[in-house]
Q: 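Before I ask anything, let me first share the structure, which is written out below as structure tokens.
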Amino acid sequence: MSLTTSTIEGSHRSLATALRLVGAALLLTTGAIHLDLYLTGYRHIPTIGTLFLLQVLTSAVLGLATLTLARRVVALMGAGFALSTLVGYVLSLWFGLFGFHEVRTSAGAAAAAVELAAFATLGAYALFLVPRPFLATERVEVAVRRAFGPLGALAVLVLVASLANAHASSNSSATPPSSGPSSASTMKVTIKNFLFAPATFSVSPGESIVVTNVDSAAHTFTSVPGATARGTFDSGTIAPGKSVTVVAPMTAGSYPFYCSIHNFMTGTLTVK
Ligand SMILES: [Cu+2]
């Protein structure tokens, strides 16, 4: 009898340790992904850049604490933090956050999947494998445990729906110019570090403009709505590492443009 009990307790304990260590590794991984995104461009986005840095620091602290301390409260904080990062991502996809509207990228989806897994492993560890001490009262404890499964399932559904609904970054490289007056010359614009280079330039009417995005974030090259009645252009979403060709308006004049994802990225195109 006592042998069976101790075997069960032994396997229970090793499962608990395995979940805690995996959860810690997942937390550190989301921090690493956010650090990479921060360094390769998100640091230029107002407010969001700061939040990314806070996410990196918090993931590191909670990840290392979970790794070294077998404490229930630490694991619960890790699970809650992973879930809140996920909520922030989903909000930025649906509604935008602090003026930043996220588009679907593989790095974003990967970070979200890791956050979901961190929430699941650390939550399971804290709620089911380390029974004491109770959260406040036994009634609260039971309610939180019952809510955990449905909350996880809801998070999966919301994430899948958000990614399916989100404006995907374009996969096409170098869309051929739409049929229009052909032009011998081609203007090249590069987007790097959330800046258009050049940001101010002149083209001939109907000239092709090849816009290349070398950032790790998606961007657009879009005429500012309402700024001019003479003509509009919009590259659509340009995925990281991709180029899209846009045809310049036919009427001479000055055309302010911006990135419709990051409105602070601006420039002016002159047709003459
Ligand atoms: Cu942009």
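Here the structure is a predicted model, which means the values were calculated and not measured. Order of appearance sets the numbers: ligands from 1, and atoms from 1 within every ligand.
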Q: Which atom pairs, one a donor and one an acceptor, fall under 3.5 Å between side chains of residues 19-39 and the rest of the protein, sequence neighbours left out?
A:
unit_1	atom_1	unit_2	atom_2	d
Arg20	NH1	Thr66	O	2.9
Arg20	NH1	Leu67	O	3.1
Thr29	OG1	Ala25	O	2.7
Thr30	OG1	Gln55	NE2	2.9
His34	ND1	Thr30	O	2.8
His34	ND1	Gln55	OE1	3.3

Q: When rounded to the nearest 0.5 angstrom, what is the spacing between OG1 in Thr85 and CZ in Phe52?
A: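 With rounding to 0.5 Å, OG1 (Thr85) is 9.5 Å from CZ (Phe52).
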Q: Taking atom types as modelled, is there a side-chain donor on Thr220 or Ser235 under 3.5 Å from an acceptor on the other?
A: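 There is no such pair between these side chains.
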Q: Compute whether any side-chain donor of one residue and acceptor of the other, for Ser223 and Thr232, lie under 3.5 angstrom apart.
A: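 No, Thr232 and Ser223 have no side-chain donor paired with an acceptor closer than 3.5 Å.
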Q: At distances under 2.8 Å, what protein N, O or S atoms surround the Cu ion (ligand 1)?
A: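 Atoms qualifying: His219 ND1, Cys259 SG, His262 ND1.
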Q: Checking the side chain of Arg43 only, and the main-chain atoms of Gly49 only, is there a donor and an acceptor separated by less than 3.5 Å?
A: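 Flag not set: sc Arg43 to bb Gly49 has no pair under 3.5 Å.
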Q: Can a salt bridge be assigned to the pair Lys188 and Glu207 using a cut-off of 4.0 Å between side-chain N and carboxylate O?
A: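 Result for this pair is no, no salt bridge flagged.
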